[in-house]
There are 2 protein chains.
Amino acid sequence: MEMIDPDLQEGTGTSAGNTGVTAAIEAIGACPAVTDMMSRVGDKWSMQVVTKLGEQPRRFNELRRAVDGISQRMLTRTLRNLERDGLVSRKVTPSVPPRVDYALTPLGHSLWEPVTMLSRWVIDNRIEIESARAEYDAREQV
Amino acid sequence: MEMIDPDLQEGTGTSAGNTGVTAAIEAIGACPAVTDMMSRVGDKWSMQVVTKLGEQPRRFNELRRAVDGISQRMLTRTLRNLERDGLVSRKVTPSVPPRVDYALTPLGHSLWEPVTMLSRWVIDNRIEIESARAEYDAREQV
DNA sequence: CTGTATCCGTGGTGATACTG
DNA sequence: CAGTATCACCACGGATACAG
């Protein structure tokens, strides 16, 4: 997915899918919004940023130091996307030097919970996953 | 508060005195396995395939028809990845023509639940997300 | 301090053709 | 039927320099 980058062309607006209030599982793939958000959750930095902002609001460079390894460019892009999705708020204080405070919105906080469930699952099953991979690799190496 | 594996806090002891939930959240980024699986969840086809296999086991082309828009190549690749992670089982029947049955493993089924939570969150909040985007785009269009 | 602009490598994804 | 092989596109992400 990924949108709004000066380097790229204008992002395609997500069209409204059907009104399925059916089982959420069935909506994966049926509802564009689901796949769309999944890719946001799956991208490299978004959930790490959400995590750090979930602890407390932070300024730009504060956040940059908190999220290990993120570049300035990617932090900006990630924050813009999160802001666009309504997950993060951005408050500019036009001082010298400038000050910009980021925080999770209520919507952003609410995303916390299902994402936590997912990361819990990974943690609880990471051994099984890794051994499955090792087994597969050993099998295919032949 | 729930318990969590002690070795999750290794390396970056960001903040002590966390609950299990926040510890799990913090493990995003701290634990490579979490970021790794997130990208699997976030990729374009994996969860759609898991969804379809969650309904029932399927053969290759059956699955291909079930997952709208997926190419043969991507279905193969997606299935291989899922198989490697231990989420999907692959049973070959060497007949003519050949028959290959795919199904979710117990591990794959267990992933269902947190993923469902997440997709339900998206569905419940997709209106708010879309209006946030519309608002942002209108603001930035200037 | 908080960004933009520019360049570029890598990898995910798709189209098409071929194979056992 | 169930794949592989090959080619190509372009978005993601990183490095660096510049700007307000």
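Reminder, nothing fancy here: chain letters follow the sequence lines and each chain counts from 1. Computation of the quantities below employed the complete heavy-atom set of this structure, encompassing side-chain atoms and omitting hydrogens, waters and symmetry-equivalent molecules.
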Collect all protein-nucleotide pairs involving nucleotides 6-9 of chain D in which both atoms are nitrogen or oxygen and the distance is under 3.5 Å.
from, atom 1, to, atom 2, distance (Å)
D:dT6, O4, B:Arg73, NH1, 3.4

Side-chain donor or acceptor of A:Ser119 paired with backbone N/O of B:Val34 under 3.5 Å
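It does not hold such a pair.
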Rounded distance (nearest 0.5 Å) linking atom [atom1] of [X] with atom [atom2] of [Y]:
| X | Y | atom1 | atom2 | answer |
| --- | --- | --- | --- | --- |
| A:Tyr136 | A:Glu140 | OH | CD | 4.0 Å |
| B:Leu118 | A:Met38 | CG | CE | 5.0 Å |
| A:Arg40 | A:Asp43 | CZ | CG | 6.0 Å |

Point to revise | Any A:Tyr102 side-chain nitrogen or oxygen under 4.0 Å from OP1 or OP2 of C:dC1 | key: no
Any carboxylate oxygen within less than 4.0 angstrom of a Lys/Arg side-chain nitrogen, looking at [X] and [Y]?
| X | Y | answer |
| --- | --- | --- |
| A:Arg99 | A:Asp101 | yes |
| B:Arg133 | B:Asp137 | no |
| B:Glu83 | A:Arg139 | yes |

Numerically ordered, the residues 60-70 of chain B set in heavy-atom contact under 4.0 Å with DNA chain D is B:Phe60, B:Asn61
Would you mind reading off the distance between [X] atom [atom1] and [N] atom [atom2], rounded to a whole angstrom?
| X | N | atom1 | atom2 | value |
| --- | --- | --- | --- | --- |
| A:Met74 | D:dA11 | CE | C1' | 11 Å |
| B:Asp43 | C:dG14 | CG | C1' | 15 Å |
| A:Arg99 | C:dG3 | CZ | P | 13 Å |
| A:Met38 | C:dG12 | CE | P | 19 Å |
| A:Gln48 | D:dG13 | CD | P | 11 Å |

Axis-to-axis angle for the helix from C:dC1-D:dG20 to C:dG20-D:dC1, ends of five pairs each, to 10°, equals 40°
Nearest heavy-atom approach of B:Val92 to B:Arg90 is CG2-NH1, 3.6 Å
Indicate every side-chain donor-acceptor pair of residues 66-77 of chain B with a distance under 3.5 Å to a residue at least two apart or in another chain.
from, atom 1, to, atom 2, distance (Å)
B:Ser71, OG, B:Met74, N, 3.2
B:Thr76, OG1, B:Gln72, O, 3.0

* Who are the side chain to side chain contact (heavy atoms under 4.5 Å, CB included) partners of B:Val88, not counting sequence neighbours? ->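 B:Val88: side chain to side chain contact (heavy atoms under 4.5 Å, CB included) contacts with B:Leu53, B:Leu79, B:Leu82, B:Tyr102, B:Leu104.
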For this session: Let me see the working for A:Asp85 and A:Arg80 under salt bridge (Lys or Arg N to Asp or Glu O under 4.0 Å), right down to the final yes or no.
Result: CA-CA 9 Å; A:Asp85 291 342; A:Arg80 289 292 176 280; over 6 Å; no
Got a sec? Which of residues 77-98 of chain B come in under 4.0 Å of DNA chain C, heavy atoms?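 Correct list: B:Arg77, B:Pro98.
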- Task: Evaluate whether atom CD of B:Glu62 has more than 12 neighbouring non-hydrogen atoms of other residues, nucleotides or ligands under 6.0 angstrom away.
- Result: yes
- Message: Looking at A:Glu113, I want to see if its CD is surrounded by more than 12 non-hydrogen atoms of other residues, nucleotides or ligands under 6.0 Å.
- Response: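 For A:Glu113, atom CD is not crowded (no more than 12 foreign heavy atoms under 6.0 Å).
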Practice prompt. Look at the side chain of B:Gln72 and decide which nucleotide, out of D:dG3, C:dG14, D:dG14, has an atom nearest to it.
Written response: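 Nucleotide nearest to B:Gln72's side chain: D:dG3.
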